[in-house]
Peer 1: 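One structure, as structure tokens, below. Some questions next.
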Amino acid sequence: MPIRVDTYKSIPKKILPLFESVRDDLTKNNYIDKLARSGKFLSILQKLHNFLEENEVIAIHYTRSFRDSILSKGLILQNGNDRRNSFIKEHGHLFADAEISLIEHAYEEYFSHEQNKVRDGRIWFNYSTMALNDGGAERLLRNYGGEAVYMPLAELAGVREKIQRIGEPLIVKCKIKPSFINGFWDFPSALVWLSSYHIHINPNARFFDVDIYVTQDIPPEDIIAVETVQPWL
């Protein structure tokens with residue numbers, strides 16, 4: 001059964017004793033990122049990671065796309081050039097010839113090697129829906145196709161309005177093994193789970209979600225739910 005790591009309620013009683021050695025640190029500090037790279041915390045995070053690996057975790061992908069396509073095909077890994085070519089092939093009929101020229105020029109100017117490097121071969125996730133409330137996911141939900149498609153187009157009048165009418169704003173909940181997850185922190189699934197415990201015992205603590213990514217397709221059988229959302233309304 002995959003585990004939601006963004007809630008204290010998912011922590012089983014048999015795991016709670018792991019937190020006792022750091023409880024005092026967590027009650028005295030409101031920001032877990034200041035603690036998470038210390039040796040004491042890394043030891044606990046490793047143990048939490050091992051437990052989560054046996055169960056899988058729930059991760060959330062924000063996108064504007066087509067619900068039925070995701071349910072039938074899953075989330076498919078593509079490089080940026082292929083995604084942009086598919087976008088023009090599938091939706092180019094919505095744009096005038098002059099707009100297609102603007103789109104192609106914008107892509108050529110914007111997507112340098114460095115821009116492609118941070119997006120190609122990666123599907124990005126979070127562990128919570130916090131980005132629905134703080135606006136962090138709004139551009140992903142308003143604009144079709146993900147950053148590899150919309151980034152240089154969102155400021156083009158006429159084009160912008162059309163890419164915001166393609167598809168619908170979705171959150172895709174997936175089950176993933178923590179060992180398949182990459183990020184900028186050691187044991188990111190465990191870190192967010194520990195943060196859920198942190199805000200439970202410390203009312204002044206800040207919940208700490210992180211950006212994560214995988215480098216393989218998410219097959220349909222690993223899609224838990226695809227939900228339509230419009231948090232800006």
Side-chain angles (χ1 to χ4, degrees), residues 59-67 69-70 72-128 130-132 134-174 176-186 188-189 209-220 222-223 226:
I60 294 171
H61 177 72
Y62 298 95
T63 188
R64 188 177 186 93
S65 188
F66 297 94
R67 184 175 185 274
S69 177
I70 292 173
S72 64
K73 299 177 183 177
L75 298 176
I76 300 172
L77 205 66
Q78 286 184 298
N79 68 49
N81 284 330
D82 288 344
R83 291 174 66 185
R84 292 185 284 276
N85 288 336
S86 294
F87 163 66
I88 293 172
K89 181 179 179 181
E90 294 169 11
H91 303 289
H93 64 280
L94 300 173
F95 302 92
D97 289 345
E99 290 175 324
I100 292 292
S101 295
L102 277 175
I103 290 168
E104 292 174 340
H105 179 72
Y107 283 162
E108 185 177 348
E109 288 292 306
Y110 185 83
F111 286 108
S112 63
H113 171 74
E114 288 303 315
Q115 285 288 345
N116 287 326
K117 185 177 177 181
V118 298
R119 295 183 178 88
D120 284 359
R122 301 179 181 187
I123 303 173
W124 289 87
F125 296 87
N126 292 109
Y127 290 104
S128 77
M130 187 168 65
L132 292 179
D134 65 14
E138 185 171 337
R139 281 168 64 87
L140 289 166
L141 296 171
R142 277 189 183 274
N143 300 284
Y144 173 78
E147 289 185 352
V149 169
Y150 80 74
M151 276 298 282
L153 308 183
E155 305 306 321
L156 298 178
V159 171
R160 175 182 60 244
E161 288 74 17
K162 291 178 181 179
I163 63 172
Q164 292 181 350
R165 291 197 294 267
I166 302 171
E168 57 183 328
L170 303 169
I171 58 172
V172 186
K173 297 180 179 179
C174 307
I176 308 176
K177 278 190 171 294
S179 57
F180 293 168
I181 291 171
N182 303 279
F184 309 103
W185 293 84
D186 295 314
S189 304
D209 199 356
V210 295
D211 295 323
I212 53 171
Y213 64 91
V214 299
T215 56
Q216 66 278 323
D217 296 343
I218 302 294
D222 289 343
I223 304 289
V226 182

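This structure is a prediction, so every number in the text was calculated from the model and none was measured. We use all heavy atoms of the structure for the numbers below, so side chains are in, but hydrogens, waters and symmetry mates are not.
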Peer 1: Taking atom CG of N126 and atom CD1 of I171, what is their separation to the nearest 0.5 Å?
Peer 2: 11.0 Å

Peer 1: Could you state the interatomic distance from CD (Q216) to CD1 (I76), rounded to the nearest 0.5 Å?
Peer 2: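 So the gap between those two atoms works out to 13.5 Å.
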
Peer 1: Supply the atom-to-atom distance N182 CG to I123 CD1, rounded to the nearest 0.5 angstrom.
Peer 2: 11.5 Å

Peer 1: Restricting to non-hydrogen atoms, name the atom on R83 and the atom on A148 that form the minimum distance, rounded to 0.1 Å.
Peer 2: NH1-CB, 3.7 Å

Peer 1: Are any of the side-chain heavy atoms of N116 and N79 separated by less than 4.5 Å?
Peer 2: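 Not in contact.
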
Peer 1: Under the side chain to side chain contact (heavy atoms under 4.5 Å, CB included) rule, what do H105 and L102 come out as? Steps first, then yes or no, please.
Peer 2: CA-CA 5 Å; H105 179 72; L102 277 175; 5.9 Å; no

Peer 1: Check for a donor-acceptor pair, side chain of D209 on one end and backbone N or O of Y127 on the other, with a separation under 3.5 Å.
Peer 2: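 Side chain of D209 to backbone of Y127: a pair is present.
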
Peer 1: How long is the straight-line distance from CD1 of I212 back to CD1 of I60, given to the nearest 0.5 Å?
Peer 2: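 With rounding to 0.5 Å, CD1 (I60) is 9.5 Å from CD1 (I212).
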
Peer 1: Name the one of I166, I163, V159 that satisfies side chain to side chain contact (heavy atoms under 4.5 Å, CB included) with Y150?
Peer 2: I163

Peer 1: For V226, is there any backbone N or O sitting under 3.5 Å from a side-chain donor or acceptor partner on R67?
Peer 2: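 At least one qualifying donor-acceptor pair exists.
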
Peer 1: Taking Y107 for its side chain and V149 for its backbone only, find out whether a donor-acceptor pair lies under 3.5 Å.
Peer 2: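 Indeed, once roles are kept as given, a pair shorter than 3.5 Å links the two residues.
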
Peer 1: With sequence neighbours excluded, what pairs up with D134 under the side-chain contact (heavy atoms from CB on, under 4.5 Å) test?
Peer 2: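 Counting only residues at least two positions away or on another chain, D134 forms a side-chain contact (heavy atoms from CB on, under 4.5 Å) with M130, A131.
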
Peer 1: Checking side chain to side chain donor-acceptor pair (under 3.5 Å) for the pair Q164/R160: CA distance, chi angles, key distance, verdict?
Peer 2: CA-CA 6 Å; Q164 292 181 350; R160 175 182 60 244; 5.3 Å; no

Peer 1: Keeping the roles fixed (side chain from N143, backbone from R139), state whether a donor-acceptor pair exists under 3.5 Å.
Peer 2: yes

Peer 1: Locate the shortest heavy-atom distance separating R119 from Y110; write the atom from each residue and the value.
Peer 2: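 Nearest pair, atom of R119 first, then Y110: NH2-OH, 4.0 Å.
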
Peer 1: Taking atom CG of D217 and atom NZ of K73, what is their separation to the nearest 0.5 Å?
Peer 2: 12.0 Å

Peer 1: So for atom CD, which belongs to E161, do other residues, nucleotides or ligands contribute more than 12 heavy atoms lying within a distance under 6.0 Å?
Peer 2: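 Check passes, neighbour count above 12.
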
Peer 1: In terms of relative ring orientation, are H91 and Y144 parallel, tilted or perpendicular, with 30° and 60° separating the classes?
Peer 2: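 Perpendicular.
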
Peer 1: Grab the two heavy atoms, one from R64 and one from L141, that are nearest each other, plus how far apart they are.
Peer 2: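 Looking at all heavy atoms of both residues, the shortest contact is NH1-O, 3.1 Å.
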
Peer 1: Just verifying a value: how many Å separate E168 CD and F66 CZ, rounded to the nearest 0.5 Å?
Peer 2: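 The distance works out to 8.5 Å.
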
